[in-house]
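Note that the structure is a prediction, hence the values are computed from the model and not measured. So you know, we letter chains A, B, ... as the sequences are listed, proteins then strands, and number each from 1.
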Protein chains: 2
Amino acid sequence: MARAATTTDAFNAVAEPRRRQILDLLSRGERPVNDLVALLGLPQPLVSKHLRVLRQVGLVAVRDVGRQRVYSLNGEPLKPIHDWVKAYEESWSRRFDRLDVVLEVLQSKEDSHGSDSD
Amino acid sequence: MARAATTTDAFNAVAEPRRRQILDLLSRGERPVNDLVALLGLPQPLVSKHLRVLRQVGLVAVRDVGRQRVYSLNGEPLKPIHDWVKAYEESWSRRFDRLDVVLEVLQSKEDSHGSDSD
DNA sequence: CGATTATATGCCAATATCGGCATATGTCAA
DNA sequence: TTGACATATGCCGATATTGGCATATAATCG
């Protein structure tokens with residue numbers, strides 16, 4: 001085995017920061033590839049490759065306009081991510097409701113287990 | 001280069017479904033490793049390895065209790081994920097506000113570009 | 001047709017993963 | 001001390017990634 005393919009999931013596809021950047025740009029409106037290339041300052045083949053991954057998980061759609069390919073956002077595959085993290089929202093916003101847990105965290109940081117930093 | 005380390009980010013750490021499962025279990029309360037092993041039905045070394053990754057990105061904390069190591073959830077590193085996806089929430093909940101985009105998606109699916117299924 | 005523009009693909013190197021299995025480390029009990 | 005229990009680590013194989021560079025494919029223009 002190995003790590004799951006980046007095209008398995010939105011989870012996996014979006015773990016790559018550049019792909020998140022691309023989505024962020026597209027959220028402002030559709031763009032042809034070369035626009036993205038210019039905005040990102042990355043080599044064109046690399047951008048095309050990232051777009052391919054995003055296409056395969058359905059996060060972007062393409063449309064042909066002359067010799068350009070215009071990419072647009074399709075956020076729906078992000079919903080599972082949203083749904084999943086949303087359940088944890090309280091764990092940081094109301095995190096002092098469970099002081100015991102906080103204390104445990106602090107305690108384990110002071111303890112002697114190689115300080116779990118690795 | 002290669003793919004970013006799983007320990008780089010919460011984004012990367014959480015791309016692995018088993019690690020999400022572990023967090024889901026811990027969200028119900030802290031647990032020693034063997035509890036998780038039993039609940040997940042996975043080999044113990046594998047669980048320990050996943051826990052290590054989660055520890056390295058700060059998603060879990062450990063506490064020693066006798067010869068057991070009790071793991072607990074720390075959701076805070078998930079906040080960046082939440083913040084990021086949240087911005088896209090409208091793109092699926094209000095997705096018919098931009099009918100043009102929807103039409104483009106449909107159109108590109110009918111078009112002849114190898115149907116972007118790959 | 002040939003040239004140019006726009007984008008996608010192919011191949012390569014380097015890397016780090018996940019899972020399997022064996023084993024090290026650590027802790028408590030007799 | 002010896003042993004049993006709980007957990008972590010080490011090494012291995014197989015795989016797939018990201019980025020680089022060259023090149024293929026596609027479409028438009030003269």
A:Asn34 CG to C:dT5 P, in whole Å, measures 11 Å
OP1 or OP2 of D:dA8 less than 4.0 angstrom from a side-chain nitrogen or oxygen of B:Tyr71, does that happen here? yes
Looking only at D:dA6, C:dT7, D:dA8, the nucleotide nearest the B:Gln68 side chain is D:dA6
In whole angstroms, the gap separating C1' of C:dT25 from CZ of B:Arg67 amounts to 14 Å
Here the distance between atom P of D:dT25 and atom CZ of A:Arg52, to the nearest Å, is 15 Å
Atom CG of A:Asp35 and atom P of C:dT7 are separated, to the nearest Å, by 8 Å
Would you call B:Val85 and A:Val14 a side-chain contact if the rule is heavy atoms closer than 4.5 Å?
no
note: B:Gln56, atom CD; C:dA16, atom P; distance rounded to Å ~ 13 Å
Here the distance between atom P of D:dG19 and atom CG of A:Leu40, to the nearest Å, is 11 Å
Check your understanding: Can you hop from A:Val60 to A:Leu36 via hydrophobic side chains spaced under 4.5 Å?
Key -> yes
Judged by nearest nucleotide, the residue sitting upstream toward the 5' end of DNA chain D, A:Gly66 or A:Ala5, is A:Ala5
Residue pair B:Val53/B:Pro45 against DNA chain C: nearer the 5' end by closest nucleotide is B:Val53
Between B:Leu46 and A:Ser48, the residue closer to the 5' end of DNA chain C by nearest nucleotide is A:Ser48
Of the listed D:dG19, C:dG19, D:dA8, the closest approach to the A:Arg18 side chain comes from D:dG19
**Report entry** Linked, directly or transitively: B:Ile81 and B:Tyr88 (ILVMFWY side chains, under 4.5 Å)
**Finding:** yes
Is there a side-chain contact between B:Arg69 and the phosphate of D:dA8, meaning an N or O under 4.0 Å from OP1 or OP2?
yes
Strictly distance-based, threshold 3.5 Å: is any side-chain N or O of B:Ser27 a donor or acceptor partner for the main-chain N or O of B:Asp24? yes
Check this one for me: any side-chain N or O of B:Arg3 less than 4.0 Å away from OP1 or OP2 of C:dT15?
no
Rounded to whole Å, the NE2-P distance (A:His50 to D:dT17) equals 12 Å
In whole angstroms, the gap separating C1' of C:dT5 from CG of A:Asp64 amounts to 15 Å
- Query: Can you find a donor-acceptor N/O pair under 3.5 angstrom joining the side chain of B:Gln44 to the base of D:dA8?
  - Reply: yes
* Asked: According to the interplanar angle, ranging from 0 to 90°, do the rings of A:Phe11 and A:Trp84 count as parallel (below 30°), tilted (30 to 60°) or perpendicular (above 60°)?
  -> perpendicular
Considering only heavy side-chain atoms of B:Pro32, the closest of C:dT7, D:dT7, C:dC18 is D:dT7
Between B:Ala4 and A:Ala2, the residue closer to the 5' end of DNA chain D by nearest nucleotide is A:Ala2
The nucleotide from C:dG19, C:dC21, D:dG20 with an atom nearest the side chain of A:Lys49 is D:dG20
Judged by atom type as modelled, is there a donor-acceptor pair below 3.5 Å linking the side chain of A:Glu16 to the main-chain atoms of A:Arg18? yes
Side-chain atoms of A:Arg55 come closest, of D:dT18, C:dT9, C:dG20, to C:dT9
